[in-house]
Amino acid sequence: MWRFDLAGQKEAETLFAGDPGNNQRPMWWQGRLYFISDRSGSHNLWTARADGSDARQLTRHKEWDVRAAALGDGKIIYQLGADLHVLDLAQNSDQQLKIGLVSDFDQQRTRQIRSPLDNLSNVQLSSKDERIVLTARGRVSIAGTGSQRRVEIAIPEGARARDAVFSHDDKWVYAIVDTTGENEIWKFAADGSGHGEQLTKDGNNHRWALYPSPDGKWLAHTDKLGRFWLLNLATKANAVIDDAGKSGVDQHDGVVWASDSRNLATVRAGSDEQRDQIGLYNLEAQRLVFVTSDRFNSDSPVFSPDGKWLYFLSARNFQLANGAPWGDRNMGPVFDKRTGIFALALQPGNRFPFKPDDELSKAAAKPAESPEEKAAEKAVEKAAEKAAEKAPAKTAKPGQPPIVYEGLAQRLFEVPLAAGNYRKLAVDDKRLYFLERESDGKSALKTLSIGRNGPQPEVFAPNVRDYDLSSDMKRVYYRTQAGNSPGDMLIVDTGAKQPNDVSKAKVKVDDWALISNPRLEWKQMFGDAWRMHRDFLYDAKMRGVDWNAVRAKYSPLVERVTDRAELNDLLGMMVSEVGALHSQVRPGDIRKPAPEGNPAGLGAVLSRVPDGYRVDHIYRAEPELPSELGPLAQPDVNVAEGDIITSVNGKSVLEVRDIADLLLNQAERQVLLQVKPVKGPERSVIVTPVPLMKQAALRYSDWEQGRARQVDAASKGRIGYLHLRAMGPRDIASFARDFYANINRDGLIIDVRRNQGGNIDSWIIEKLLRKAWAFWASPVSKPSTNMQSTFRGHLVVLVDELTYSDGETFAAGVKALKLGPLVGKRTAGAGVWLSDRNGLADNGMVRAAENGQFGMDGQWLIEGVGVVPDVEVENPPHATFKGQDRQLEVAIDLLQKKLKEQPVPPLRPQQIPALNAGQPAAVAPSAVAPVSGSWR
């Protein structure tokens, strides 16, 4: 908290120096300061003199924090839990307000959700019909093609269902439901009748997914503790068959059954290497055997229909895409398209289906069939299929051969297909199916015929987000990629390609609408958030907090919630009990006001003057990236600071409330400006305003450009500067652009103040760790270091109170590895990382911090304490308001001093001695004569 005298020009002064508490929400009344402070252990109201002395505590609440205080007429109103209190300063009395709201509370009304697919979380294709079961917003529905009716599954009211799947015969639907307050497995009639049956009663952790066996006897399922369960559907016995949590794994992936239900395959890390391996579990032997090693990641296992092969994907291809370590901004080797398709022979002696015929396997040649013979044969096959469908099954199919585990891992084959960016493998009796990510980032569903004649992949359907293959191998469901919308859902026949006409293949789901009771939904989401925080938080002991008591404390307040935003406020208070900085709340289904137009900007600071709007400052951007420039910074616009805009599209700017009114809804459209220059006649210009998000980005860019120019001018070009706004894909691109542009400077300032976090710290630190140990030179070229693209200068990193998450991890790494000093203020203290796998039914989330960070000595890092700079520097409020950046100035001073003490030595090769005619060449003592075949 700071105090500033408006009448004077002195800098603001800090109050309560040395107080470790958080002081906020300053209010002024009759010569005294009133504020909120947590110095007593919880947030309460305090008062002090103007200079910070005589601090006294006014309220002494312990169970709830004082929030949102406001002062007027000698009274302070504040929030305490879900209530409002008024503190009368004159009477020194504190009373809870008894408020009766007169409202229809329309956001509590039962309403219709017209687009449940916006909350779609799971889809599975039926085994035998053109139907899919969908899970969205905690509800389950079955939809099909054509005129089939859509079925609503009878999920109990006020409960959330997750990951619904069909039973083996499509007569039932299994789902994870939280009716009891825990995640239990339920069974529902697939025709929508009845009320469902609870199958388990042992839920004590988040369950991930369900996997019914083909014979209908078993239901495999997994949970957040890394346990793999097998539920006997006849006896309801539920047993753990693999406890991966003991190996540090919290989730099994890719669980699939063999068609005879005697074996299943799963994917998880099986060693300390933590690479995904494929394990096979045999029900009779009750044993999990890993059939791939921890040398490469392997996933997406599928059994062939005949039980002879296990196909899977594995990232084993390492073909260099960028050739060599030289070149501008070469950040290291790039290995694209790493994934291939492999197969394990489940019995010895199986001939690989893709192996070309040879003289020992090739059958006797048959005369070619005539077209008439082919047509007749096809007609017979169709008639036989129809007869088989009508006739009752009389004889069981012959059993599949048992898996021979001995030597299984060595019976490995690779499908003859070039490696690619593949995922989600499936197989029928004729071909493989898989998704491949294309160069544009979209995925195509492709097929590869199983054959010995060198088959080539074919595109089954383009632009596919997800797909599923029916267990009878006759149908394929797929969903198209369509931006943020759910996309189209289609069910088509299997084959090399989808049919040409898919007009009748679209699943009829447009009519799906849900009836939502918000009050019941809010209760469910409260319980879900509480439960997932228990199951996902990085400390199983909840930091010593009695989590059941926390639920008992906050659950009565759910009854008082009147809209979704209030629920978020309640959830935020609840999870704050464990003090994890990443426990943020993502809003969910909050009602938004109808848009009243889209604001636009000109990429400049404008102020109203008698003649119009003066251009006080044009935001600067990277000058060599024209696409980054703002509307008024474009070189052909020729508008300068000091010019005055008098009209927009022919309308005077002085006849409206603000020039912003004339720019409303004009983003990305041509706009005519009348401009009065500082010198010269008034003229017309065409500009294209930008949306408000771009306007904000331009303002940020102007701040960055100002710092870079300040550093360049102060150091006369010897010191470089780059700023990282966050630690995501755009920021590693920004780092590549700016770091290598400064690679040969003697000093570098990396600014991570206000950095919003991400996950790229290790990429950046790796580049900073590179050390030059030699260099190349020729008579006509500049020296070039080995290692290439190495920064040889001195480094300073700027941090502040708003450096957050991965920005802090980067700062901590720089400090631990002694890459350079940190300058600024202690960082925010959000050091526990997370996966965001705990979404709520309406796409909201109460983020749960999952993975704590520790130094190599095992000591706690960052969370709750932040990263302390080596040189603490405050940016004072008044000086900062006027444009000064004291932290940056100190960083420049530190580097300039360092460069005087330890100048960066230039790269100067020694003079090469001349050879003396007639004498043998001398060999330097350190040289080693190469031998034949040696590396150089």
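Because the structure is a prediction, the values reported are computed rather than measured.
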Keeping the roles fixed (side chain from [X], backbone from [Y]), state whether a donor-acceptor pair exists under 3.5 Å.
X: Asp215; Y: Lys217; answer: yes
X: Asp563; Y: Glu566; answer: yes
X: Asp88; Y: Ser93; answer: no
X: Arg586; Y: Arg847; answer: no
X: Thr135; Y: Ala164; answer: yes

Ion pair present between [X] and [Y], side-chain N to carboxylate O less than 4.0 angstrom?
X: Glu521; Y: Arg137; value: yes
X: Asp546; Y: Lys553; value: no
X: Lys236; Y: Glu197; value: yes
X: Asp466; Y: Lys424; value: yes
X: Asp528; Y: Arg531; value: yes
X: Asp170; Y: Arg131; value: no
X: Arg207; Y: Asp163; value: no

Without hydrogens or angle criteria, can the side chains of [X] and [Y] be said to hold a donor-acceptor pair below 3.5 Å?
X: Asn238; Y: Asp202; result: yes
X: Glu577; Y: Tyr554; result: yes
X: His61; Y: Tyr78; result: yes
X: Gln79; Y: Asp569; result: yes

Can you list the steps and then say if Arg162 with Asp178 is a salt bridge (Lys or Arg N to Asp or Glu O under 4.0 Å)?
CA-CA 9 Å; Arg162 291 188 297 105; Asp178 63 358; over 6 Å; no

Mark yes or no: Arg534 above the aromatic ring of Trp547, with NZ or CZ under 6.0 Å from the six-membered ring centre and no more than 45 degrees from the axis.
no

Determine, using ring centers only, whether Trp208 and Phe228 are less than 6.0 Å apart.
no

Is the Tyr174-His168 ring centre distance short of 6.0 angstrom?
no

Looking at Arg730, I'd like to know if its CZ atom is crowded, meaning that more than 12 non-hydrogen atoms belonging to other residues, nucleotides or ligands lie closer than 6.0 Å.
no

Mind telling me whether Trp229 and His221 have parallel, tilted or perpendicular rings, with 30° and 60° as the class edges?
parallel

